[in-house]
Amino acid sequence: MVSLLIVEDDASLRDALIKALSKSNYICRGVGTFKEALTVLTNESYDIVLLDLKLPDAEGVQVVKRVKEVSDAKIIVITGYGDVKTAVESIKAGAYDFIQKPFNLDILEADIKRAMKEKLTEEENLTLKELIRKGMDYTFETRSPKFAQILSLCERYAKTDTNILIVGETGTGKEVLARYIHELSNRREKPFLVVECTSIPPELFESELFGYEKGAFTGASHKKKGLVEMAKGGTLFLDEVGDLPQHIQPKLLRFIETKRFRRVGSVKEEFADVRIISATNKNLKALCEKGLFREDLYYRLGILEIRLLPLRDRREDIPILVNFFLSKWNKRVSTKAMEMLKNYPWKGNIRELKNLLERACILAEGDLVDDYLFVSRENGPVEKELFEGMPDLELLEARYTAYLLRLLKDVNKVAEVLGCSKRTVYRKLRVLKERELNDKP
């Protein structure tokens, strides 16, 4: 439900707004001074603030600026006829809109709905932008009977709100499938947010997941919503859930069972209706037996389970995927090259195929990319020719990220240079560490 804070010193108008808007199923609270408003917004979270610009203890554009400092709520300014100029300045200062007194309740409610829609879109775009940067383009066209059965399962599961666990090797498209389920569900208009369990430092995990209050720890200069709260009404995707820190597991279990959580530094419980889809390339059952993963959490996450096929088990789909990825570059391969692609082992699955084709498209001057793919050596396996021993794109990105961190000495600056989130920076650094450890003899 949408929560509103009404900041209005006229008690009769304030009470009338609370009564009228509560009938429309809004959660309303009213205060009469700016000091009260700041106190409430510092300690509680609201979606919309209806803000009178002339209060007993403050007025003008500075009122809007101060509210913006302590809250991410959308601000709708309430103003008298003589304050239109100030209201316009308030829009420039960050208010969503302004409404003149006296106003029609229907117009106000329409404005609230538009503001809320924009707020949800902004929250969803935090993750959508990252998905776009990661190139999450994909096709679900298939000739594989087994993969067709998986897609059919997704369609059935999408109609429920039950938690889903997606199991599959690295690069098989677990995140893409999770988003596909979300888009088929009745939550499609709500956010789809990703929790990258491998890239969030353990000490920051709780605050990233559940948010924190102002002053909860050093550096917490303002209240912040966590991913759980931002995903309200939508889907929370726990990527590589097998790497979830052990101290977070009981707190996540409690949230799954009750849909309630506490921000770090708060004693107040919050509610968030969120569907959980998890993904892993690990054997969670084996982790449970070793005491590294809670068994009760495993069963709660995996009420419904989907096992994704590796690409080598759906080779009939390789031509479809090849043509799909090449079409974005207006490139093609010969029949002979296609056969080589179909017979390659693809240990990195679809991600490896996509990266190889992208690299070939960049290097090929004409529309045929054969010379930049593979060659068959007599009496030997199919091997890479031009790129034998060279790092792949994922490793190059990770090395460049580490270089920037050494140069700038600040994760925030690195994220700004790369145009990504801090979580993505941590993920790339983790990739580099893991790859270097694997390369050691």
- request: Drop me the distance from Lys285's NZ to Phe293's CZ, to the nearest 0.5 angstrom.
  value: 12.0 Å

message: Rounded at 0.5 Å granularity, tell me how far CG in Leu341 sits from CH2 in Trp346.
response: 5.5 Å

message: Between the side chains of Glu183 and Arg179, is the shortest nitrogen-to-carboxylate-oxygen separation below 4.0 Å, so that they form an ion pair?
response: yes

- request: Please check if the side chain of Ser199 supplies one atom and the backbone of Arg423 the other of a donor-acceptor pair under 3.5 Å.
  value: yes

message: Check whether Glu257 reaches the backbone of Arg300 with its side chain - one donor and one acceptor, N or O, closer than 3.5 Å.
response: no

statement: Per side-chain contact (heavy atoms from CB on, under 4.5 Å), Ile6 is matched among Val31, Leu51, Ile76, Leu21 by Leu21

task: Report the C-alpha distance between Glu316 and Lys146 in whole Å, list the side-chain angles of each, state the deciding distance to 0.1 Å, and finish with yes or no for salt bridge (Lys or Arg N to Asp or Glu O under 4.0 Å).
output: CA-CA 11 Å; Glu316 57 267 62; Lys146 291 181 179 179; over 6 Å; no

task: Find the distance between CG (Leu238) and CD1 (Ile276) and round it off to the nearest 0.5 Å.
output: 5.0 Å

- request: Considering non-hydrogen atoms only, spot the tightest contact between Arg307 and Glu305 and give its length.
  value: NE-OE2, 2.9 Å

query: So does Lys259 pair up with Asp273, basic N to acidic O under 4.0 Å?
result: yes

Approximate separation, where rounding is to 0.5 Å, of Asp370 CG and Met338 CE: 9.5 Å

message: Tell me if a side-chain donor or acceptor on Arg187 pairs with a main-chain N or O of Thr235 at a distance below 3.5 Å.
response: no

query: Is the shortest heavy-atom distance from the side chain of Arg275 to the side chain of Ile164 under 4.5 Å?
result: yes

task: Look at atom OH of Tyr400 and say whether more than 12 heavy atoms of other residues, nucleotides or ligands are closer to it than 6.0 Å.
output: no

message: Determine whether Glu213 and Lys224 satisfy the following criterion, salt bridge (Lys or Arg N to Asp or Glu O under 4.0 Å), listing intermediate values before the conclusion.
response: CA-CA 6 Å; Glu213 297 292 336; Lys224 180 187 174 184; over 6 Å; no

message: Suppose we screen for side-chain contact (heavy atoms from CB on, under 4.5 Å). Which residues come up paired with Val417, at least two apart in sequence or across chains?
response: Leu404, Leu408

- request: Show the numbers, then the answer: is there a salt bridge (Lys or Arg N to Asp or Glu O under 4.0 Å) between Glu69 and Arg66?
  value: CA-CA 5 Å; Glu69 289 175 3; Arg66 286 289 290 121; 2.6 Å; yes

CA sep, side-chain torsions, deciding dist, call: Asn349, Thr172, side-chain hydrogen bond (donor to acceptor under 3.5 Å, both in side chains): CA-CA 6 Å; Asn349 293 294; Thr172 49; 5.5 Å; no

- prompt: Going by atom types only, do Glu270 and Ser45 share a side-chain donor-acceptor pair under 3.5 Å?
  reply: no

field: Reported CG-to-CZ distance for the pair Leu252 and Phe205, which is rounded to 0.5 angstrom
entry: 8.0 Å

Short N-O contact, Glu416 and Lys413, less than 4.0 angstrom: no

query: When you check the gap from the basic side-chain N to the acidic O, do Arg427 and Asp243 get nearer than 4.0 Å?
result: no

- prompt: Which atom pair, heavy atoms only, marks the closest approach of Leu373 to Ala337?
  reply: CD1-CB, 4.3 Å

task: Can you measure from CD1 (Ile277) to OH (Tyr157) and round to the nearest 0.5 angstrom?
output: 12.0 Å

- prompt: Will you find, in the side chains of Thr42 and Thr39, an N or O donor that is under 3.5 Å from an N or O acceptor?
  reply: no

